[in-house]
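This report concerns only the one structure given below.
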Amino acid sequence: MNYKSMVKTAVSMGKSNEVMWQSVEYFNDMLERLEEKDPDEYWRIMRKQSELMFGRHYTEEFAKHDVSKMVYKDRDGKTKRGEHWTVEEVVEACEGDSFDRSITDYDKYVACNIIYTDLCNVLTDEKILEVALTFFFKDEDWGSPTKVWDYFSAKY
């Protein structure tokens, strides 16, 4: 027996939404305990669930989590963690650019901060923004507007 077969049986027996939500609540509690014991595994599970529910685009929660994990040396050689630009700063910097309508502001936020962490020592902020938006959102041979999610997911 496994969980999937239990759910299939419950559905075929016409179990109520209330029962199914109780099951979700139980697994949520288990996942919260897992987050404490093994946060990497927790976020791998949640990433897959987010993909299933929302597609391969960033939500606020995932964007903040992934950006918080970024570690880099800034232009002064100091080790930094997390965002260089806020969501609002990135949205403002992208004003006037056209994007696939599925691309979220959080996709742009993660993309710009990824490229900043990699290239802040060799490019200006303006050039970093240009490179980030081109690399992640104007790459015609990638074939999908999900490149930033796919790129970061490859690491985790």
Under a 4.5 Å side-chain heavy-atom rule over Ile, Leu, Val, Met, Phe, Trp and Tyr, are V7 and V24 clustered together? no
Same cluster for V91 and V67 if Ile/Leu/Val/Met/Phe/Trp/Tyr side chains link at under 4.5 Å? yes
What's the spacing between E130 CD and D125 CG if we round to 0.5 Å? 13.0 Å
Please report whether the ring centroid of F62 lies less than 6.0 Å from that of F54. no
Are more than 12 heavy atoms, taken from residues, nucleotides or ligands other than R101, located less than 6.0 Å from that residue's CZ atom? no
Of all pairs that satisfy ring pair (Phe, Tyr, Trp, His ring centres under 6.0 Å), the ones with a partner from residues 18-40, not counting sequence neighbours: Y3-F27
Any chance NZ of K80 has more than 12 other-residue heavy atoms, nucleotides or ligands included, within less than 6.0 Å? no
Does this structure show an ion pair linking D100 with K147, if we count only N-O contacts that are shorter than 4.0 Å? no
Any chain of hydrophobic side-chain contacts (each under 4.5 Å) joining V71 to W85? no
Cation-pi check for F99 against K108: NZ or CZ below 6.0 Å from the six-membered ring centre and within 45 degrees of the axis, yes or no? yes
Within the 3.5 Å criterion, strictly below it, is a donor on H57 or D107 matched to an acceptor on the partner's side chain? yes
Work out which heavy atom in S68 is nearest to a heavy atom in R81; give both atom names and the distance. O-CG, 3.2 Å
Mind telling me whether Y72 and Y116 have parallel, tilted or perpendicular rings, with 30° and 60° as the class edges? perpendicular
Chi angles and distances behind the ring-ring contact (aromatic ring centres under 6.0 Å, His included) call for Y58, W149: CA-CA 7 Å; Y58 274 96; W149 178 270; 4.9 Å; yes
Answer yes or no: is there an ion pair linking E36 with R33, defined by an N-O contact shorter than 4.0 Å? no
Testing the basics here: between S102 and P145, what is the closest heavy-atom pair and its distance to 0.1 Å? OG-CG, 3.4 Å
Do the side-chain N and O atoms of Y42 and E32 include a donor-acceptor pair separated by under 3.5 angstrom? no
